[in-house]
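Reviewing the structure listed below.
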Number of protein chains: 2
Amino acid sequence: MTTPGLRERKRQATREALRTAALRLALEHGASKVRVEDIAAAAGVSPRTYNNYFASREQAIVSAVTAGRETRVAAAVARRPPTVRLADAVTEAVVEQYTTTGQHELETLLLITTWSPLRKAFLDASAGIELPLTAAIAARLPDAGAHTARVLAASVAAAVRIAVENWLQPAGDDTSPEGFDTGGLVVPFGSLTDQLGTALAPLAPAFDAAEEQAHPEA
Amino acid sequence: MTTPGLRERKRQATREALRTAALRLALEHGASKVRVEDIAAAAGVSPRTYNNYFASREQAIVSAVTAGRETRVAAAVARRPPTVRLADAVTEAVVEQYTTTGQHELETLLLITTWSPLRKAFLDASAGIELPLTAAIAARLPDAGAHTARVLAASVAAAVRIAVENWLQPAGDDTSPEGFDTGGLVVPFGSLTDQLGTALAPLAPAFDAAEEQAHPEA
DNA sequence: TAGCATACCTGCGTGTGCGCAAGTTTGCGT
DNA sequence: ACGCAAACTTGCGCACACGCAGGTATGCTA
């Protein structure tokens, strides 16, 4: 692993500075009170540059929580031995990464769940696993159809999104009234591990079929 | 005075970081042992960027000492009331700036005098006053010939260079054997104020003549 | 409800940093 | 004295940050 060169290191440093500044300011002053201008100033860059890194004000905040999760999930999949079913490898990898790195501080989690734009951005962030995961799955299915890996990865991302959505079931959200109401507050509904398992289960046959086609067994 | 904008502020910050890093490293490890790469790394930029700011390894070090002197001399000239002779205004301004801001720490001064490439760079730095000084002189001679101010400013720069050169009379330099020999060490020779006065004196008639032509008195 | 102000986000031109490669100088070891 | 290696300096192309201007959403006030 070679050193990425000064340009790339500064890039990552700026990303990280924006992330931490956004989260800090959101915790200090409330998520809805933080302006892009403030985050940029705290990170030492121009507001324009902020939008070169993040497309919305919320992305930087959620990025502080989800940082690197995309590549870690993919790496976790690649780490499983080829002997385990691909469906299991993916599920285990997702659960592993979402449960070990997911729960920073309770305060941060509440910050995200309490403001609906942040919740939305948090859910959208799960789509980020699609590309890295595509590569990891493709490595396991070298002979599969051209788009098989992409479709499977995108499906996993969608399933994860739904799992997290259910987990963060917002109280008073009439489209899913089973949420736990705590006076306007939003609380996790059930265990994240269970939600992920349930959401990913329906995809297992698709993985099995793709694997079957790739390595037709005797 | 408006805020110069983020881009310009970062520029100046980089300049300053390079200056201080260069001086610090030179004091710590010896001037001849400092590589451009080290200075750049300490300032957080690439070696290529160092040479965007300074044309030689020595310039950053001397720049740490002469920082801003160019504009301050010009400002000091502009500050004198129009009633005083231009020749006196310039001389006073030069002496004022070179004696009040010139002597940082003795250690730094020795650093510069002990290594001849640094001495040379230090002397070359005096040419930097030419452009700002041109503007200041031109402001006092609005009706003079097109190049008069430039010529006078360049002459002042040359005179200053000679004054400083005499002041730093290197021991054992055969071209000027009157230096004070201290076993290979280089020591100031006479007072800087005197040297500047002596070097600038021959230019006074030129200033007087230019002023005369600009404001023909009764 | 209409108008207005604030903040967000994006497109575009320009300035600057980075990386690389080439030519040169400097100092050292053979 | 010669060759070699390390360091310096500069030209060039590319990537990124900045500043500005324009279009949109959101919230407040009259």
Side-chain angles (χ1 to χ4, degrees), chain A residues 1-19 21-22 25-26 28-63 115-122 124-125, chain B residues 1-19 21-23 25-26 28-63 114-122 124-125:
Chain A
M1 169 139 165
T2 68
T3 305
L6 184 56
R7 183 176 274 161
E8 187 58 21
R9 273 181 293 155
K10 284 191 174 183
R11 235 181 107 71
Q12 298 307 329
T14 300
R15 262 205 137 67
E16 194 55 32
L18 285 171
R19 272 199 262 262
L25 291 175
E28 285 179 4
H29 305 121
S32 62
K33 300 249 183 61
V34 181
R35 291 177 307 164
V36 167
E37 188 182 338
D38 302 329
I39 302 174
V45 299
S46 73
R48 184 64 184 85
T49 295
Y50 173 92
N51 279 298
N52 286 345
Y53 285 84
F54 301 101
S56 77
R57 169 169 47 146
E58 293 82 19
Q59 273 193 19
I61 302 179
V62 303
S63 167
W115 196 45
S116 108
L118 267 188
R119 260 200 323 270
K120 173 168 176 16
F122 186 63
D124 290 344
Chain B
M1 168 138 169
T2 68
T3 305
L6 184 55
R7 184 175 273 161
E8 185 59 22
R9 272 181 293 158
K10 284 192 174 180
R11 233 181 108 72
Q12 298 308 328
T14 300
R15 263 206 137 68
E16 194 57 31
L18 285 171
R19 272 200 263 261
L23 181 56
L25 291 175
E28 285 179 4
H29 306 121
S32 63
K33 300 249 182 61
V34 181
R35 291 177 306 164
V36 167
E37 189 181 338
D38 302 328
I39 303 175
V45 298
S46 75
R48 184 63 185 87
T49 296
Y50 174 93
N51 278 298
N52 285 346
Y53 284 85
F54 301 101
S56 78
R57 170 168 48 144
E58 293 81 20
Q59 273 192 18
I61 303 178
V62 304
S63 168
T114 349
W115 197 44
S116 106
L118 268 189
R119 260 201 322 271
K120 175 169 174 12
F122 185 63
D124 290 343

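Naming: A, B, ... by sequence-line order, numbering from 1 per chain.
- A close approach under 4.0 Å does not occur between any side-chain nitrogen or oxygen of Arg35(B) and OP1 or OP2 of dC8(D).
- Nearest-nucleotide assignment on DNA chain C puts the 5′-proximal partner with Phe54(A), out of Phe54(A) and Thr49(B).
- The Tyr53(A) side chain lies nearest to dC16(D) when the options are dC8(C), dG19(D), dC16(D).
- If you take CG of Asn52(A) and P of dC12(C), they are 14 Å apart, rounded to a whole angstrom.
- Interatomic distance, Trp115(A) CH2 to Ile61(A) CD1, rounded to the nearest 0.5 Å: 7.0 Å.
- Atom OH in Tyr53(A) sits 4.0 Å away from atom OG1 in Thr14(A) (nearest 0.5 Å).
- Distance from the side chain of Arg7(B) is smallest for dA17(D) among the nucleotides dA17(D), dT10(D), dT10(C).
- The separation between Arg57(B) atom CZ and dT9(D) atom P is 7 Å, rounded to whole Å.
- If you check every strand for non-hydrogen atoms under 4.0 Å, Thr14(B) touches nothing.
- With rounding to whole Å, Glu8(B) atom CD is found 18 Å from dA17(D) atom P.
- Here dA7(D) presents its C1' atom at 9 Å from CD of Glu37(B), a figure rounded to the nearest Å.
- Listed by chain and residue number, Glu58(B), Val62(B) satisfy the side chain to side chain contact (heavy atoms under 4.5 Å, CB included) test with Ala121(B) (two or more places apart in sequence, or in another chain).
- Rounded to whole Å, atom P of dA17(D) lies 9 Å from atom CG of Leu18(A).
- Side-chain proximity of Val45(B) to the nucleotides dC18(C), dT16(C), dT9(D) is greatest for dC18(C).
- Among dC16(D), dT10(C), dC8(D), the nucleotide with an atom closest to any side-chain atom of Arg11(A) is dC16(D).
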Which atom pairs link the protein and nucleotides 21-28 of chain D when you take only N or O atoms and keep those under 3.5 Å?
none

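- Close to dT16(C), at under 4.0 Å from its OP1 or OP2, lies no side-chain N or O of Lys10(B).
- Partners of Asp124(A) under the side chain to side chain donor-acceptor pair (under 3.5 Å) rule, at least two apart in sequence or in another chain, are Lys120(A), Arg161(A).
- Put simply, CG on Asn52(B) and OG on Ser46(B) are 7.5 Å apart, with the number rounded to the nearest 0.5 Å.
- Contact check, Tyr50(B) against dT9(D): no side-chain N or O comes under 4.0 Å of OP1 or OP2.
- For the pair Asn51(B) CG and dT24(C) C1', the computed distance is 14 Å after rounding to whole Å.
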*Kindly determine whether Glu16(A) and Gln12(A) satisfy side chain to side chain donor-acceptor pair (under 3.5 Å), including the steps that lead there.*
CA-CA 6 Å; Glu16(A) 194 55 32; Gln12(A) 298 307 329; over 6 Å; no

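- At whole-Å resolution of the value, NZ in Lys33(B) and P in dC28(C) are 11 Å apart.
- The main-chain N or O of Arg57(A) is found under 3.5 Å from a side-chain atom of Tyr50(A) such that the two form a donor-acceptor pair.
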